[in-house]
Amino acid sequence: MAKWLFKSEPDVFSFEQLLAKGMAGEEWTGIRNYQARNNMRAMKLGEQGFFYYSNTGKAVVGIVEVCKLIHPDSTADAPAWECVDIRAVAALPRAVTLDEIKLEAKLKDMVLVNNSRLSVQPVSEVEWAHICKLAGYKG
DNA sequence: GCCAACGTTGGC
DNA sequence: GCCAACGTTGGC
């Protein structure tokens, strides 16, 4: 199972808002970038990802999972953009900040560090495990 | 608030 | 098909 990272600005859509959606989750709309779209196309049901706060947050704050496969983005006009749905799994016991991530040798190749603008990113198993450890999160 | 990085657009 | 101009994102 692949691992992912979803970015959101906390004042636009927070992890708390996703938690409030419960098991139904929420359509991850608004992605207008082909690389990010392609990452979502590759997602399978039940695959997990980090929920990252960009801009004012700059920290990984929660775990999410894919609860609906790629489908047309209901907010898109032509060309037909697509998205998945995700739901909250758990808030991390401790948020892991971008500063911390940058200090970790194991995390130096993260897309988050090297291509910060990509809004939906793949995360390697090693990176996943290490961030969970830093967060005090035990799957 | 600034600016670097990146993607997209449009003129040629 | 190239590349300059522009808009957006996100870290600082």
Take atom [atom1] of [X] and atom [atom2] of [N], then tell me their distance rounded to the nearest Å.
X        : N      : atom1 : atom2 : value
A:Leu118 : C:dG11 : CG    : C1'   : 16 Å
A:Asn33  : C:dG10 : CG    : C1'   : 14 Å
A:Gln121 : B:dC6  : CD    : C1'   : 14 Å
A:Arg117 : C:dT8  : CZ    : C1'   : 5 Å
A:Ile101 : C:dC12 : CD1   : C1'   : 16 Å
A:Glu9   : C:dT8  : CD    : P     : 13 Å
A:Gln35  : B:dG7  : CD    : P     : 6 Å
A:Lys7   : C:dT8  : NZ    : C1'   : 12 Å

Shortest non-hydrogen contact between [X] and [Y], atoms and distance:
X        : Y        : answer
A:Arg37  : A:Ile70  : O-CD1, 4.4 Å
A:Ala24  : A:Cys67  : O-SG, 3.7 Å
A:Met43  : A:Val84  : SD-CG2, 3.9 Å
A:Met110 : A:Ile101 : SD-CG2, 4.0 Å
A:Ile31  : A:Ala36  : CG2-CB, 3.4 Å
A:Met40  : A:Cys83  : CE-CA, 3.7 Å

Between A:Glu82 and A:His71: side-chain donor-acceptor atoms closer than 3.5 Å
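Judged by distance alone, the side chains do not pair up.
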Would you tell me whether A:Asp73 and A:Thr75 have side-chain atoms, one donor and one acceptor, within less than 3.5 Å of each other?
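Side chains of A:Asp73 and A:Thr75: pair found under 3.5 Å.
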Sequence neighbours left out, what pairs pass ring pair (Phe, Tyr, Trp, His ring centres under 6.0 Å) with at least one residue falling in residues 82-109 of chain A?
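For residues 82-109 of chain A: none.
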Within residues 50-59 of chain A, find the residues that approach DNA chain C with a heavy atom at under 4.0 Å, and present them sorted by residue number.
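Listed by number, they are A:Tyr52, A:Ser54, A:Asn55, A:Lys58.
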Base-pairing string, 5' to 3', of DNA chain C - Watson-Crick or wobble, under 3.5 Å, | interstrand
||||||||||||
Over 60° means perpendicular and under 30° means parallel, so tell me whether A:Phe51 and A:Trp28 are parallel, tilted or perpendicular.
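Because their plane-to-plane angle is over 60°, the rings of A:Phe51 and A:Trp28 count as perpendicular.
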Parallel under 30°, tilted from 30 to 60°, perpendicular over 60°: which one fits the rings of A:Phe50 and A:Trp128?
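Parallel, since the angle between the ring planes stays under 30°.
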Could you tell me whether A:Arg87 and A:Glu26 make a salt bridge, using a distance below 4.0 angstrom between a side-chain N and a carboxylate O?
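Looking at A:Arg87 and A:Glu26, the cut-off is not met.
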Basic-acidic side-chain contact under 4.0 Å: A:Glu100, A:Lys58:
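Looking at A:Lys58 together with A:Glu100, the answer is no, because their closest N to O distance does not fall below 4.0 Å.
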side-chain hydrogen bond (donor to acceptor under 3.5 Å, both in side chains) contacts touching residues 44-55 of chain A (sequence neighbours left out):
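Qualifying pairs: A:Trp4-A:Glu47, A:Glu9-A:Asn55, A:Glu16-A:Tyr53.
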Every protein N/O lying under 3.5 Å from an N/O of nucleotides 1-3 of chain C:
none

Applying a 4.0 Å non-hydrogen cut-off, can you work out what A:Leu98 is touching in the nucleic acid: base, sugar-phosphate, or nothing?
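If one applies the 4.0 Å heavy-atom cut-off, A:Leu98 turns out to touch the sugar-phosphate alone, with no base involved.
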Could you list by number each residue of residues 102-114 of chain A showing a heavy-atom separation from DNA chain B of less than 4.0 Å, or answer none if no residue does?
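Nothing qualifies; none.
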